[in-house]
Amino acid sequence: MTDNTQIAPNETDAATERDGSIHVESVSKVYDPDGEHVVAVDDVTLHIDAGEFVTVLGPSGCGKSTLLECIAGFTDPTSGNVYVDGEIIDGPSAERGVVFQSNRLLPWMTIEENVDIGPKMRGAVEDGRASQLLERMGLEGTENAYPSELSGGMQQRAEIARLLANDPDIMLMDEPFSALDALTKEMLQEMLLEVWDDDNRTVLFITHDVEEALFLADRVLVMTAGPGRVKEIVDVDLERPRDLSMTTTEEFTALKDRVLHLIHEEAREAME
Ligand SMILES: Nc1ncnc2c1ncn2[C@@H]1O[C@H](COP(=O)(O)OP(=O)(O)OP(=O)(O)O)[C@@H](O)[C@H]1O
């Protein structure tokens, strides 16, 4: 276990040198619906190096999505700041792509048109680029389909292709695979790791699934039950590249036991 100090970024194929470091400095977020004063995130400080893959686990309602929204720039922290590559953020940006549990594909557009939305807004559509990205996500031939004609897993892959079309340095993923069946989820986890391995983007990935958190991450941030604070940050020193067979190894099982212990401890404390 470590505290929240930084560690070296992944040392996989560094063909593409990218920016994308995230620094969360003493961020708190208080919601005040009808004077209720809900502290969603409480004084979180966290540094993520460019190219690092960090997953976030914690009890329901502990502020994981709120933390991600602060980093995405969708909401302002009540206090504290989020820095990307040393600059305070002041709103959303194409450099920070976001994927949610339910995709935001526009149902009246074809898959290709959906993937091209970002480039089109920037006036930078490249012929064939959407097809390339779709092929990369195993979706060749779906260009002219509409989102409703694709399965849930295919829609999430198209959503990731759409995000990649903006070439963001940072991918913020809020339970992107949690609505999918187990096999589809595993396939997407491996696909995401391949994309990450190739591109060196920074990933912050929220999940409720301990195995998913460990399989993907360089580090796992475990949050406390609300108000959300950093409970512990667990280093995942497992070899890369990874495939799902490693989830049965002793090393993986030991890490899983440690993280489950932290989560159960938190759940018990929250109930007392
Ligand atoms: N826009 C909002 N207005 C008021 N309260 C909010 C708002 N968004 C979140 N909250 C509250 O803040 C707390 C943290 O919510 P958040 O969605 O960030 O948690 P979470 O850990 O992502 O939950 P889950 O795992 O269930 O998705 C909860 O008490 C929630 O009700």
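Model, not experiment: these values are computed from the prediction. Just follow the structure's listing: the first ligand is 1, and inside any ligand the first atom is 1.
Under the 4.0 Å distance rule, the nearest protein heavy atom to atom 13 (C) of ligand 1 falls inside the cut-off. In this structure, atom 29 (O) of ligand 1 has a protein heavy-atom contact shorter than 4.0 Å.
For the residue pair Asn166 / Arg122, a side-chain donor-acceptor distance below 3.5 Å is found, with atom types taken as modelled. Side-chain contact check for Ser65 and Asp174: at least one donor-acceptor pair (N or O, by modelled atom type) lies under 3.5 Å. Glu212 and Thr207 form a side-chain donor-acceptor contact under 3.5 Å, judged by distance and modelled atom types alone. The closest side-chain donor-acceptor pair between Asp243 and Ser245 falls under 3.5 angstrom. With 3.5 Å as the limit, one finds no donor-acceptor pair spanning the side chains of Thr202 and Glu52.
Comment: Lys185 engages Asp209 in a salt bridge, judged by a side-chain N to carboxylate O separation of less than 4.0 angstrom. By the 4.0 Å N-to-carboxylate-O rule, Glu159 lies close enough to Arg162 to be salt-bridged with it.
With respect to atom 26 (O) of ligand 1, the closest heavy atom belonging to the protein is Ser60 OG, 2.6 Å. Taking atom 21 (O) of ligand 1 as the reference point, the nearest protein heavy-atom neighbour is Lys64 NZ, 2.9 Å. Looking only at protein heavy atoms, the nearest one to atom 17 (O) of ligand 1 is Ser65 CB, 3.8 Å. For atom 23 (O) of ligand 1, the closest non-hydrogen atom of the protein is Gly61 N, 2.9 Å. Looking only at protein heavy atoms, the nearest one to atom 19 (O) of ligand 1 is Gly63 N, 3.1 Å. Protein heavy atom nearest atom 1 (N) of ligand 1, with residue, atom name and distance: Tyr31 CE2, 3.6 Å. Glu175 OE2, 3.7 Å is the protein heavy atom nearest to atom 27 (O) of ligand 1.
Neither the backbone nor the side chain of Glu69 comes within contact range of ligand 1; no heavy atom lies under 4.0 Å. Here Met223 has no heavy atoms under 4.0 Å from ligand 1, in either its backbone or its side chain.
Close approach of ligand 1 to Val38 (heavy-atom distance below 4.0 Å) involves ligand atoms 12 (O), 29 (O). For ligand 1, the atoms lying closer than 4.0 Å to a non-hydrogen atom of Cys62 are 19 (O), 20 (P), 21 (O). Close approach of ligand 1 to His208 is summarised as follows: ligand atoms under 4.0 Å from at least one heavy atom of the residue are 25 (O). Each of the following atoms of ligand 1 lies closer than 4.0 Å to a heavy atom of Ala40: 12 (O), 13 (C), 14 (C).
Comparing Thr207, Thr66, Thr75 by heavy-atom distance to atom 15 (O) of ligand 1, the nearest is Thr66.
Ring geometry for Phe100 against Phe74 counts as parallel: the plane angle stays under 30°, on a 0 to 90° scale with 60° as the upper cut.
Note that CD of Glu211 and CE of Met246 are 12.0 Å apart. Values are rounded to the nearest 0.5 Å.
Close placement of the Phe205 and Phe177 rings is indicated, their centers lying within 6.0 Å of each other.
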